[in-house]
Visitor: 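Before anything else, here's the structure in question.
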Amino acid sequence: MKSGAFGAWEVALLILLAAVIVLMSSLSPYFLDLYNLIDSTFSFAEKALIALPMALLIIAREIDVSVASIVALSAVVMGVVAESGAGLPILVLVGLFTGTLAGVLNGVIVSALGVHSIVVTIGTLSLYRGIAVSIVGDDAYTSFPDGWSWFGQHYLWGYIPAELLIYIVATVIFGIYLHTTIYGRRIYAIGTNPDVARYTGINVTRYRIWLFALSGLLSGLAAILLTSRLGSVRLNIATGWELQVITMVVLGGVGIAGGTGTIIGVTLAVFLIGFLTFGLSLINVPGLVLNIYIGLMLIGAIAIPHLMGRLRQKMTASRKDA
Amino acid sequence: MRRILQEREAILAFVIALILLGVTLRAPDYLDGSSLGNLLSTWGLLAILVMGQLGVLLTRGIDLSQASVLAFSGMFLAQLSQVMPELPALVFVILAIGMGAVLGILNASLITFAGIPPIIATLGTMTIIRGMIYVLSGGAWISSHEMSEAFKAFPAGANLGIPNLFWVATVAFILFWLLYNHRPAGRDVYAYGSNPDAARNAGISRLKVEFLVYSLSGAAAGLCGYLWAGRFAIAYTQAAEGREFAIIAACVIGGVSITGGRGTVLGAGLGALFIAVVETSLPFLRINPFLQLAVIGAVILIAVAANALTERRPGRQILPREGQS
């Protein structure tokens with residue numbers, strides 16, 4: 001990582017982001033408006049929060065596909081507690097605690113069984129969502145206390161959504177943690193080669209459980225923001241988020257094989273997807289069609305550098321022949 | 001090794017038999033005509049998908065696009081049946097398989113030529129294909145009365161009192177079993193999945209293996225797209241959304257290793273049967289239908305734990321331990 005946290009991938013994402021902003025502002029006069037752009041962050045800030053621990057997990061060669069179910073479980077548990085008339089601070093603690101507990105359970109199962117985390121978290125994906133769904137049924141929880149809307153609906157100083165500020169603070173903390181501390185270096189070491197990491201004295205199991213716990217914690221936080229923004233909890237809350245979050249992380253340049261990736265890259269990918277989504281919805285492109293563009297971008301972002309590399313190889317090889 | 005696998009399948013079959021016994025004791029009408037037919041149809045649809053996924057998992061890959069391919073093929077063929085109501089069911093079956101295979105080849109190309117890891121390539125095609133369905137249909141549903149009779153008759157029909165879906169899955173089961181146990185191409189898949197480098201040195205083409213397994217996975221999904229749309233007499237954009245996880249769960253329950261090289265067609269079929277039994281029996285047990293998902297999740301975790309514990313073989317022992325001879 002001699003190039004630091006800003007490599008070729010981040011430059012490419014920055015160019016893409018600039019291209020999206022130029023393209024969208026030429027397509028719609030309402031795109032390049034600071035209020036609109038800030039407001040558009042509501043549609044992705046919660047998922048982007050979960051993308052932060054997901055990036056750490058994937059860098060450490062793990063993955064957590066149960067995040068959306070953890071959001072649902074935390075939201076439902078908070079809904080139940082809110083019905084019983086609990087106050088705001090208790091509710092926040094309940095949300096964060098439920099998420100963290102679910103995350104720790106993921107980490108413990110993965111470590112105890114020694115199987116790939118995708119298998120375990122597919123199991124807990126069903127389990128957590130199933131528990132959430134069987135509690136809420138076809139009902140909805142709507143009786144949140146006064147002031148609950150602050151997290152997802154309040155604007156600080158009249159402009160900045162509280163949600164956006166929480167996301168930015170979390171991003172800075174994760175960036176510092178991953179890129180400047182010894183703990184961050186160890187996460188890269190674990191992802192590069194878990195066995196070697198263990199032999200160098202890193203307690204891989206402890207890191208793994210910690211990272212899954214972090215994933216649960218941030219999913220719980222996302223659940224707080226989401227319930228606050230929506231004001232209600234239903235059984236289909238946050239469905240399909242897991243794959244959207246993974247898309248953000250992978251487009252951000254985090255290698256699925258572990259050991260590579262940066263928080264800056266993930267952040268750029270978050271805004272790239274977010275602004276593209278916002279821009280296309282301004283010109284009335286339906287959500288599902290929008291997914292085509294995101295899918296193409298995901299494939300293109302990985303295929304194009306690879307194919308360019310192969311082309312360059314071929315060219316140098318043919319030059320040698322001549 | 002073979003013995004361990006066979007034992008595991010025997011254990012799984014035994015567990016399924018126990019569940020069936022328990023359910024019929026509690027609710028004797030579970031194995032009555034119509035609900036038994038429902039179980040066999042549910043198994044049929046899931047088993048075809050799971051056997052398609054098997055090869056992909058054997059090569060250390062994953063195919064997340066199956067559910068999208070299913071929905072796409074269902075929507076396309078349902079529209080075709082509107083335009084050309086005179087087409088017989090066989091044409092739909094062939095078109096469904098062909099279309100799915102083409103989409104599978106697209107996945108394989110992305111993975112082999114563009115160097116995209118399978119999970120990302122199929123995550124990408126999953127969202128793209130799902131979006132294409134919307135483009136194709138404009139978000140509209142195609143319901144029973146808009147489909148041709150021939151389109152619906154075969155997937156919803158029965159022969160000898162047994163649903164056609166079950167027969168189709170049985171044929172698929174035999175074909176997959178022959179391929180993976182008795183054809184060099186199928187054995188190559190195992191060899192490649194156990195050790196890609198060694199397999200390459202032994203002259204097995206990575207390209208051939210990858211194209212085979214992804215086109216089979218796509219073909220299975222395409223076929224199920226027609227069967228799904230015909231059986232439920234509906235085609236819509238979100239059809240089978242989220243089913244990709246149930247497919248992989250069935251594989252894992254059936255003892256297919258996500259790290260490649262291990263897993264059998266029989267195991268995949270049994271894994272699908274397990275999920276089908278759980279899904280169809282819970283309503284009969286008067287268990288809160290909302291609990292179904294949680295039960296399946298718990299079952300997956302138990303199966304994963306059981307597999308992990310049986311797989312944890314001790315290191316190879318060269319000399320007998322002291323006190324043993």
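Just so it is clear: chains get the letters A, B, ... in the order the sequence lines come, proteins before strands, and each one is counted from 1.
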Visitor: Using non-hydrogen atoms and a 4.5 Å limit, figure out which bit of Ala305(B) sits close to chain A: side chain, backbone, both or neither.
Guide: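 It is both, since atoms from each part get that close.
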Visitor: When heavy-atom pairs shorter than 4.5 Å are enumerated against chain B, which of Val136(A), Ile292(A), Asp138(A) gives the highest number?
Guide: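 The residue among Val136(A), Ile292(A), Asp138(A) with the greatest pair count is Ile292(A).
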Visitor: Of the backbone (N, CA, C, O) and the side chain (C-beta and beyond), which part of Leu235(A) lies under 4.5 Å from a heavy atom of chain B, both, or neither?
Guide: side chain
Visitor: Please state whether the side chain, the backbone, both or neither of Ile118(A) comes within less than 4.5 Å of a heavy atom of chain B.
Guide: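 The answer is the side chain of Ile118(A).
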Visitor: Walk me through it: do Leu123(B) and Leu298(A) pass the test side chain to side chain contact (heavy atoms under 4.5 Å, CB included)?
Guide: CA-CA 9 Å; Leu123(B) 180 64; Leu298(A) 178 68; 4.2 Å; yes
Visitor: With a 4.5 angstrom heavy-atom cut-off, is it the side chain or the backbone of Ile131(A) that approaches chain B, or both, or neither?
Guide: both
Visitor: Pick from Ile119(B), Leu301(B), Ile300(B), Val295(B): which one has the most heavy-atom pairs with chain A under 4.5 Å?
Guide: Leu301(B)
Visitor: I'd like to know which of Val119(A), Val65(A), Leu307(A) tops the heavy-atom pair count under 4.5 Å against chain B.
Guide: Val119(A)
Visitor: Quick one: what part of Ile294(A) sits under 4.5 Å from any heavy atom of chain B, side chain, backbone, both or neither?
Guide: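 Contact with chain B involves no heavy atom of Ile294(A) at all.
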Visitor: Within a 6.0 Å radius of atom CZ on Arg60(B), are there more than 12 heavy atoms belonging to other residues, nucleotides or ligands?
Guide: yes
Visitor: Sort out for me which of Ile296(B), Ile62(B), Leu291(B) touches chain A most, counting heavy-atom pairs under 4.5 Å.
Guide: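 Going by pairs under 4.5 Å, I would pick Leu291(B).
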Visitor: Which residues, numbered in order, of residues 105-116 of chain B come under 4.5 angstrom of chain A by heavy-atom distance?
Guide: Leu110(B), Thr112(B), Phe113(B), Ala114(B), Gly115(B), Ile116(B)
Visitor: So for Ile120(B), is it side chain, backbone, both, or neither that comes closer than 4.5 Å to the heavy atoms of chain A?
Guide: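 For Ile120(B), the contact with chain A is made by backbone and side chain together.
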Visitor: Counting only non-hydrogen atoms closer than 4.5 Å, can you tell me which residues of residues 242-251 of chain A sit against chain B?
Guide: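 Result: Glu242(A), Leu243(A), Ile246(A), Thr247(A), Val250(A).
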Visitor: Just checking Phe76(B): does its CZ atom have more than 12 heavy atoms from other residues, nucleotides or ligands closer to it than 6.0 angstrom?
Guide: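 Atom CZ in Phe76(B) is not crowded, with 12 or fewer foreign heavy atoms closer than 6.0 Å.
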Visitor: Quick check for you: among Thr124(A), Val133(A), Thr239(A), which has the greatest number of heavy-atom pairs under 4.5 Å with chain B?
Guide: Val133(A)
Visitor: Just verifying a value: how many Å separate Tyr134(B) OH and Asn291(A) CG, rounded to the nearest 0.5 Å?
Guide: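 These two atoms lie 11.5 Å from each other.
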Visitor: Tell me, please, which residues at least two apart from Thr205(A) pass side chain to side chain contact (heavy atoms under 4.5 Å, CB included).
Guide: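 Result, side chain to side chain contact (heavy atoms under 4.5 Å, CB included) vs Thr205(A): Ser111(A), Arg198(A), Asn203(A), Ile209(A).
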Visitor: Quick check on Leu293(B) against chain A: is it the side chain, the backbone, both or neither that has a heavy atom closer than 4.5 Å?
Guide: both
Visitor: With only heavy atoms counted, which part of Phe245(B) is less than 4.5 Å from chain A, the side chain, the backbone, both or neither?
Guide: both
Visitor: Could you list the donor-acceptor pairs under 3.5 angstrom formed between side-chain atoms of residues 51-61 of chain A and any protein atom two or more places apart in sequence or on another chain?
Guide:
residue: Arg61(A); atom: NE; partner: Gly191(A); partner atom: O; Å: 2.9
residue: Arg61(A); atom: NE; partner: Ala257(A); partner atom: O; Å: 3.3
residue: Arg61(A); atom: NH2; partner: Thr192(A); partner atom: O; Å: 2.9

Visitor: Taking CZ in Arg200(B) as the centre, count heavy atoms belonging to other residues, nucleotides or ligands within less than 6.0 Å. Is the count above 12?
Guide: yes
Visitor: Check each atom of Met126(B) against the heavy atoms of chain A and say whether the ones under 4.5 Å are side chain, backbone, both or neither.
Guide: side chain
Visitor: Check each atom of Ile109(A) against the heavy atoms of chain B and say whether the ones under 4.5 Å are side chain, backbone, both or neither.
Guide: side chain
